[in-house]
Q: 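To start, I am sharing the structure in question, which I have written as structure tokens.
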Amino acid sequence: MAKYTCCVCGKTLGMFADKFILRDGALCPSCLNKGGYLTLASPGQLASDKIARIIKDRLPMVSNFRPTREAGNILMDFDSETFLINGTFFRFDELASFRLYEFPDISQKSATNKNKGGAAIGGVIGGLSGGLVGGAIGAAVGNKIGSMFTPCCEKLYISLSLTNPLVATIRLDFIMDKVKTSSREYRHAVEMAHQCMDALGLIKDRNDRKLAEKNAAPSEPEERKIYIQEGHLTASQIQEELMIYKTMRYSDLITEEEYQQKKKQLLSHM
């Protein structure tokens, strides 16, 4: 009977135990959840050491999460700059962009609109910190019931693009089946979408402000650059540099070889 070992906690996982089979090992669902993830896409393509490193790095973020604001289906902690959506935790700076989509029902021809192309009728109606005009698209197409024209909406959702190491996109659904745009259900979904778009806009605005402040900050003094090049660094400065390169390694901005090379170079000056 084949057995696996979780690459994070070391627990033995039997053949029938719940687990994610990785490229060179396994991960138990408990450790994945503790790392702030609900599930893994294509786990067979992921290496055990990378997963273990990501999960362990995210443990403090998840355990310290204390939501300070709730908007629709999004919980946010503005103190730790973390948000929770669809059971998955993300840092504020991992939010790259977001778009709101609405698609009307085009299952039947309409006397007022004979366009069958969903892309032309439904599509992006809000993005980044933009808002939503509920029903503006959905009202264009609908079903004929007797002699009355009843506009409907089939899909309403927000799509987020992320820089997270394991999750590139995530979708927040509000409507997944045909709903009349005159119904209470549709109005409630639109209101929830409004709240979520506003919340994501706040996160993006904070990210933009921090980036602007970083770019406006004075550059590193020339004498410090010389100290780094010549190895004239104090122990605390070396530790600071090591933490920077370690963070870059965890984020896959540099390779393990590059990290070890920088680490060796810095430690040689201690």
Side-chain angles (χ1 to χ4, degrees), residues 32-41 50-51 53-102 123-133 156-174 190-220 240-255 259:
L32 181 68
N33 295 155
K34 289 177 182 178
Y37 293 102
L38 192 62
T39 188
L40 274 181
K50 179 179 179 179
I51 291 294
R53 187 171 63 249
I54 292 172
I55 295 296
K56 291 176 181 178
D57 183 51
R58 289 167 59 88
L59 290 176
M61 177 188 76
V62 176
S63 60
N64 295 327
F65 182 73
R66 301 291 184 273
T68 56
R69 180 164 181 167
E70 179 179 0
N73 299 329
I74 305 175
L75 293 176
M76 298 167 287
D77 182 352
F78 277 87
D79 294 329
S80 64
E81 297 191 336
T82 309
F83 67 102
L84 173 64
I85 181 170
N86 286 358
T88 302
F89 289 82
F90 301 100
R91 297 194 308 269
F92 278 9
D93 59 8
E94 291 177 334
L95 177 62
S97 63
F98 54 94
R99 295 286 187 275
L100 177 62
Y101 295 85
E102 180 179 9
V124 180
I125 54 175
L128 297 180
S129 57
L132 161 69
V133 181
L156 180 67
Y157 64 88
I158 295 175
S159 179
L160 292 81
S161 296
L162 304 149
T163 59
N164 184 274
L166 297 181
V167 182
T169 60
I170 196 167
R171 180 167 143 173
L172 190 56
D173 290 295
F174 303 97
V190 168
E191 182 180 353
M192 292 285 285
H194 266 295
Q195 293 178 16
C196 290
M197 288 292 285
D198 290 342
L200 293 170
L202 289 175
I203 295 174
K204 195 67 169 60
D205 288 344
R206 173 169 285 206
N207 290 343
D208 291 342
R209 284 199 304 272
K210 292 187 70 174
L211 181 61
E213 291 171 0
K214 181 180 179 180
N215 292 336
S219 59
E220 188 177 41
E240 181 182 341
E241 295 294 325
L242 283 172
M243 286 302 299
I244 291 174
Y245 287 114
K246 188 175 182 180
T247 301
M248 292 174 68
R249 177 67 189 99
Y250 282 159
S251 301
D252 282 337
L253 296 177
I254 60 175
T255 65
Y259 168 67

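Numbering starts at 1 and runs along the sequence shown.
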Q: Are F90 and L160 close enough that some pair of their side-chain heavy atoms sits under 4.5 Å apart?
A: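 Contact flag for F90/L160 side chains = no.
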Q: OG1 of T163 to CG of D93: how many Å apart, nearest 0.5 Å?
A: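 So the gap between those two atoms works out to 6.0 Å.
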Q: So, taking the atom named CD in E94 and the one named CD1 in I170, what distance separates them when rounded to the nearest 0.5 Å?
A: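 Output value for this atom pair is 11.0 Å.
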Q: Closer than 3.5 angstrom, by distance alone: can the side chain of D77 be matched with the main-chain N or O of R66 as a donor-acceptor pair?
A: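 Yes.
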Q: Would you indicate whether the side-chain heavy atoms of I158 and M197 approach each other to under 4.5 Å?
A: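 Sidechains of I158 and M197: in contact.
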Q: Which pair of heavy atoms, one from E70 and one from L75, lies closest together, and at what distance?
A: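 So the two residues come closest at CG-CD2, 3.5 Å.
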Q: List the atom of L200, the atom of L95, and the distance in Å for their closest heavy-atom pair.
A: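 Answer, listing the atom of L200 first, then L95: O-CD2, 3.8 Å.
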Q: Side-chain contact, heavy-atom cut-off 4.5 Å: L32 with I55?
A: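 Side-chain contact under 4.5 Å: yes.
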Q: Ignoring hydrogens, what is the shortest heavy-atom contact between L162 and T169? Give both atom names and the distance.
A: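 Between these two residues, the closest heavy atoms are CD1-C, 4.4 Å.
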Q: Heavy atoms, side chains only, cut-off 4.5 Å: are K34 and V62 in contact?
A: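 SC-SC contact between K34 and V62 ruled out.
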Q: Taking atom CE of M76 and atom CD1 of I85, what is their separation to the nearest 0.5 Å?
A: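 Reported value, rounded in 0.5 Å steps: 10.0 Å.
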Q: Can you tell if the side chain of S80 reaches within under 4.5 Å of the side chain of N64, non-hydrogen atoms only?
A: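 Result no, sub-4.5 Å side-chain heavy-atom pair not found.
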Q: Does a side-chain N-to-carboxylate-O contact under 4.0 Å join D208 and K204?
A: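 Between K204 and D208 there is a salt bridge, with a charged N closer than 4.0 Å to a carboxylate O.
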Q: Are S161 and R99 side-chain neighbours, meaning at least one heavy-atom pair lies under 4.5 Å?
A: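 Counting from C-beta outward, S161 and R99 never come under 4.5 Å.
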Q: Is there a side-chain contact between F174 and V190, using heavy atoms and a 4.5 Å cut-off?
A: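 No, every pair of side-chain atoms sits at 4.5 Å or beyond.
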Q: Indicate the atoms forming the closest heavy-atom contact of L59 with G35, along with that distance.
A: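 Of all heavy-atom pairs spanning L59 and G35, the closest is CD2-N, 4.1 Å.
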Q: Can you give me the closest heavy-atom contact between A71 and A199, atom names plus distance?
A: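 Result for this residue pair: CB-CB, 3.5 Å.
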Q: Can you tell me how far apart CE (M61) and CZ (F89) are? Round to the nearest 0.5 Å.
A: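 Going from CE on M61 over to CZ on F89, the span is 7.0 Å.
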Q: In Å and rounded to the nearest 0.5 Å, what is the CG to CD1 distance from L40 to I51?
A: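 Here the interatomic distance stands at 5.0 Å.
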Q: Give, for atom CD1 of I74 and atom CZ of R69, the distance between the pair rounded to the nearest 0.5 Å.
A: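 Answer for the CD1-CZ pair, I74 versus R69, is 10.5 Å.
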Q: Pair N73, M192 - check side chain to side chain contact (heavy atoms under 4.5 Å, CB included), show working.
A: CA-CA 8 Å; N73 299 329; M192 292 285 285; 3.3 Å; yes
Q: May I ask you to decide if the ring planes of F92 and F83 are parallel, tilted or perpendicular, using 30° and 60° as cut-offs?
A: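 F92 vs F83 ring planes: tilted.
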Q: Is any side-chain heavy atom of N164 closer than 4.5 Å to a side-chain heavy atom of Y37?
A: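 The answer is yes, as the side chains (C-beta and beyond) meet within the 4.5 Å cut-off.
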